[in-house]
2 protein chains.
Amino acid sequence: MEQAGQRRRAATLKDVAALAGVSVATASKALNGRDQVRAETRSRVLEAAQRISFTPNSVARGLLAGQTGTVGLLTNDLVGRFSIPILMGAEDAFGTGKTSVLLCDARGDSIRESYHLQALLSRRVDGLIVVGSDTDPRPSLGDMPVPVVYAYGPSEDPNDLSLVPDNVGAGSLMARHLLETGRSRIAHITGEAGYSAARDRTEGITRALDAAGLSLLGGEALYGSWSEAWGRAAAAVIIDRHPDVDALLCGSDQIARGALDALRDRGIPVPEKIAVAGFDNWEVLATGSRPQLTSIDMDLEVLGRTAAQRLFAAIDGQHDSGTQKLPCRLVVRGSTVPDP
Amino acid sequence: MEQAGQRRRAATLKDVAALAGVSVATASKALNGRDQVRAETRSRVLEAAQRISFTPNSVARGLLAGQTGTVGLLTNDLVGRFSIPILMGAEDAFGTGKTSVLLCDARGDSIRESYHLQALLSRRVDGLIVVGSDTDPRPSLGDMPVPVVYAYGPSEDPNDLSLVPDNVGAGSLMARHLLETGRSRIAHITGEAGYSAARDRTEGITRALDAAGLSLLGGEALYGSWSEAWGRAAAAVIIDRHPDVDALLCGSDQIARGALDALRDRGIPVPEKIAVAGFDNWEVLATGSRPQLTSIDMDLEVLGRTAAQRLFAAIDGQHDSGTQKLPCRLVVRGSTVPDP
DNA sequence: TTGTATGCGTTATCAC
DNA sequence: GTGATAACGCATACAA
């Protein structure tokens, strides 16, 4: 540890102007491509700016314009794997422009959340994206001085704009895939019934089976936890109780991995005898297994990007509201269809 | 979609002052707890601020103070699982104060990186944390107008301050654990040799074995890829070639999961006959397996927090440099020691 | 105790 | 084409 030499303060427009021998006004015009400046002057200014590596202070610019070019992203579960793709999608959509993302993780604590909210508001973000930790509706932030878009977890208030994955549709999509590939005795193992994601997927599955004149094997879904251990246990139960089962539709990739394990232990070939499918398309899990796992991808990056676009629109004055469902995508792998 | 009603602009100090019937100066003093203001006046101002829910504009404040209270976090691999804990740690350390994090993901593209860097600099961040996508040294950003701390992936320039996990130490730690629990015929399956993390861990392992008068089974590590498939394949090879192996020390939890699978296929009991261990302590993988996986946790959240603290110190003028290694932590589970 | 004036860095509006 | 000046919202030195 040593004491630092005095760090040079960043160059300002005044420095550039002085170096180029013009006024700040002219320097500003030259740098911003205004056409009321002589070519020779402009190049002189540009060169000066280059020389002292001038970077315009967008804080000052923001103060003047009343827009900071920043948005707040308030998440509640950064560790979970759902926030990240959303964040990336949003960052992507903003990144191409000149908007930066201020990230806050409230860790599911509402005290922390309001604290962070305060900080973001005081930083005068142009808008907010609130990312839920699950798809269950959450309390609205209420009336905010800037537009807000809720992503993944919707707001309870229908006057807010929320973007969520269409889990019901996802369930139907997967069920239809299994039906189309010749399965008819389909069991459904899923996570905690407290999660609307679990219930929605189950509903979608049930509907699709219904439409085909079928119902779930055993009459209902097996709710448990979002873990491999539960997948193993539930799969074992189902196999014992319904030896003629031909598909294990699992509520998450973790559960599906557990189911695959259980089948392997019993020497039951997948997908030949029993198909296995998951949700979330968590690459590492889905592509690491034998066989690889058919899954549903919620396209969260698209969701994040869409949220960013909607937020832009809202900042532009386009008010919108309600909970909008975004489609999910089926990813077929070897666990439901034999590899060629 | 409907046109929004005019959104009310945020309240300013002037509004508060007007409402309280004082000057902005007095209002400012009252709100900031300066003691040159009459108690009655202060309460009048506070009440006015409350009424119109005034939030001080920290952009304006930052312009004045020359400090924005924001730091940039420049990562190169948000999808990967290493950036997030670091980010959380940093966010945690900052969050308790009044610093906010501007997040940018360069996605490993240096064009994108310099673009984001420019944006952060123009936003006048007080400092930067650069998170590498792996532990290999990366080019320095060079001379920056603000302090920079490199986390996870060190800078090539020793004049920069870098914080990295001690992978050599981690390797030794794990090897010693295996030795202490009675293993001596230890094979090492790891990822791509191009990664310094792989080489460092191998080195640490080799050293520890050396100190015990032993060497790796087969004489050297098996380099491959960071995947379950490789873990399965390599484990199979080792078992065939060295039937007396008593430990498979794997370079990542994914590889270890593959190894566990291969052993299970052959009916070899873990840990009774062969111990299996991984690195990274990726909870979902490590706790989902049978038996659960002993692993090394790089304590990345601590690393992120430390990076934030170091950055604070640097902003305060405490210059520091060099690549500092942070200790890793052994997490013992059932794959090396029988469950009680 | 309170108010006036100044400046932070930038852009826009107006004179020149 | 160029330059002086006001304004953005706030905090502070200084005057009253």
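In the text below, chain A, chain B and the rest are named by the order of the sequence lines, each starting its count at 1.
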| field | side chain to side chain donor-acceptor pair (under 3.5 Å) assessment of A:Ser155 paired with A:Asp160 | value | CA-CA 6 Å; A:Ser155 163; A:Asp160 291 327; 2.7 Å; yes
| field | Contact boundaries on DNA chain D for chain A, cut-off under 4.0 Å to non-hydrogen atoms | value | D:dG1 to D:dG9
| query | Rounding to a whole Å, what distance do you find between B:Arg124:CZ and C:dT10:C1'? | reply | 11 Å
| Quick check: are there more than 12 heavy atoms from other residues, nucleotides or ligands sitting under 6.0 Å from CD of A:Gln50? | no
| Salt-bridge criterion met for B:Arg42 and B:Asp35 (N-O under 4.0 Å) | no
| request: Just call it for B:Val22: base, sugar-phosphate, or nothing, with non-hydrogen atoms closer than 4.0 Å on any strand. | output: sugar-phosphate
Shorter than 3.5 Å, N or O on both sides, protein versus nucleotides 11-15 of chain C: list them out with atom names.
| unit_1 | atom_1 | unit_2 | atom_2 | d |
| --- | --- | --- | --- | --- |
| C:dT11 | OP1 | A:Asn32 | ND2 | 3.3 |
| C:dT11 | OP1 | A:Arg61 | NH1 | 3.2 |
| C:dT11 | OP2 | A:Ser28 | OG | 2.9 |
| C:dT11 | OP2 | A:Asn32 | ND2 | 3.3 |

| request: Let me know, please, whether A:Ala10 or B:Ser23 comes out on the 5' side of the other along DNA chain C by nearest nucleotide. | output: B:Ser23
| query | What's the verdict on side chain to side chain donor-acceptor pair (under 3.5 Å) for A:Thr70 and B:Arg123, showing C-alpha distance, side-chain angles and the deciding distance? | reply | CA-CA 9 Å; A:Thr70 59; B:Arg123 294 232 138 70; 5.7 Å; no
| Note: A:Asp109-A:Arg107 ion pair, threshold 4.0 Å (strictly below) | no
| query | Can B:Glu113 and B:Arg138 be counted as an ion pair, charged N to O under 4.0 angstrom? | reply | yes
| Base, sugar-phosphate, or nothing for A:Thr26, non-hydrogen atoms under 4.0 angstrom? | base
| Between CG of B:Leu300 and CZ of B:Arg305, what distance do you get to the nearest 0.5 Å? | 11.5 Å
| Given that B:Arg38 and A:Ala11 both sit by DNA chain C, which one's nearest nucleotide is further toward the 5' end? | B:Arg38
| said: For a quick check of understanding: with a heavy-atom distance under 4.0 Å over all strands, which category does B:Thr41 fall into, base, sugar-phosphate or nothing? | reply: sugar-phosphate
| request: Considering only NZ, NE, NH1 and NH2 on the basic side and carboxylate oxygens on the acidic side, decide whether B:Arg51 and B:Glu47 come within less than 4.0 Å. | output: no
